[in-house]
Colleague: 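Just passing along the structure, written as structure tokens.
Protein chains get the first letters and strands the later ones, always in sequence-line order, with residue 1 at the start of each. Because the structure is predicted, anything quoted here is derived from the model rather than measured.
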Number of protein chains: 2
Amino acid sequence: MSEARPDLLPPEAVRHVRDTCLCLAAQRAARRLARRFDAALRPLGLTNGQFSLMVALNQPEPPAIGRLAPFLGMDPSTLTAAVKPLARRGLLIVEPDPKDRRSRRLRITPEGVALMRQAVEVWRATHRELEAALGGERTQALRGGLAAVDRT
Amino acid sequence: MSEARPDLLPPEAVRHVRDTCLCLAAQRAARRLARRFDAALRPLGLTNGQFSLMVALNQPEPPAIGRLAPFLGMDPSTLTAAVKPLARRGLLIVEPDPKDRRSRRLRITPEGVALMRQAVEVWRATHRELEAALGGERTQALRGGLAAVDRT
DNA sequence: CCGTATTCTTTTGATATCAAACAATCATGT
DNA sequence: ACATGATTGTTTGATATCAAAAGAATACGG
């Protein structure tokens, strides 16, 4: 007796993945939200990821790559790449840490602050609309669920 | 009287974005989940995104790009690019739709089905672990929240 | 049948993403 | 001071991502 070799996977397996996979659902939702915020921030020439990175630079001590990467949930090498267009535009400066010359600190420039002042307003409006569309309860459930993933 | 031009954004604005931005939280969680599933699927040479795409091909009628893109929440042009490495490996075949020659249908190959049979098992185990780490309640809240974003 | 608008997909160009390998620096013990 | 191992970033190579524009084919109105 040979094993069956159907042309396709069992339909119930396909349905199971489609309806329950949190990874797929998260990628879908992340893409959708990214497009929404990208569109809103486009007049300022920022993407949602650049916005998040720039927000994180507003600390008394310019943060190092190594501290920023976990905060953004990304690989340090991704951050290295993401910094380049922003540095090119003069929105931040990469400066070596005098205390530890391996470390690079990302300092926001006055131009960066000026742009971010506008960007934060755009973010506020966009996020307000998003929360309105989701509803308060869904918003809290989603926020809690996403935070739980981070603690995984 | 001139406006104040501090070096940084107001700390409360920074905190507000950091603690409430659903876009940032979604990107973070999506990256984390992607890495987890990528690692689990790596022995099979698949990424989480390739897995999701391949699962979706298991339909009697090979789906067209235009139908798949919304399902995966991505731009059609992204899908066009994503198909190439999979087609190169012979896991799927791009075939023109005889009814509408603008449309391209993605047909999973027997090799694709064979690989996916293993991949679904990996997915099952990985997802079981994830749900265990999240807890049933968090899992449902997250799933509901992500679905709500899709309906936005 | 013809012309035009619409639909479906691809290309292009820029950025994003990660793993793996590498380079530079620091820290520690001797 | 030195050797060794750990830490911090970057580079490389492959894939992923989108918007805008362009190409190909269909649909629709006249």
Colleague: Any pair with a residue in residues 83-95 of chain A that passes side-chain hydrogen bond (donor to acceptor under 3.5 Å, both in side chains), sequence neighbours left out, goes on the list, sorted by first then second residue, please.
Modeller: A:E95-A:R107

Colleague: Between P on C:dA27 and NZ on A:K99, what's the gap in Å once rounded to a whole number?
Modeller: 12 Å

Colleague: How close or far is atom P of D:dG9 from atom CD of A:E95, stated in whole angstroms?
Modeller: 13 Å

Colleague: Any ion pair linking B:R124 and B:E121 (charged N to carboxylate O, less than 4.0 Å)?
Modeller: yes

Colleague: Regarding A:K99 and A:D97, does a basic nitrogen lie under 4.0 Å from an acidic carboxylate oxygen?
Modeller: no

Colleague: Quick one, give me the B/S/- string for nucleotides 8-18 of chain C, reading 5' to 3', where B means a protein heavy atom under 4.0 Å from the base and S means that only happens at the primed atoms, P, OP1 or OP2.
Modeller: SSBB---SSBB

Colleague: Is there side-chain contact between A:F37 and A:W123, with at least one heavy-atom pair below 4.5 Å?
Modeller: yes

Colleague: Give me each pair satisfying side-chain hydrogen bond (donor to acceptor under 3.5 Å, both in side chains) with a member in residues 56-65 of chain B, each pair once, sequence neighbours excluded.
Modeller: B:Q59-B:R67

Colleague: Looking at B:R101, does any N or O in its side chain come under 4.0 Å of the phosphate oxygens OP1/OP2 on D:dA24?
Modeller: no

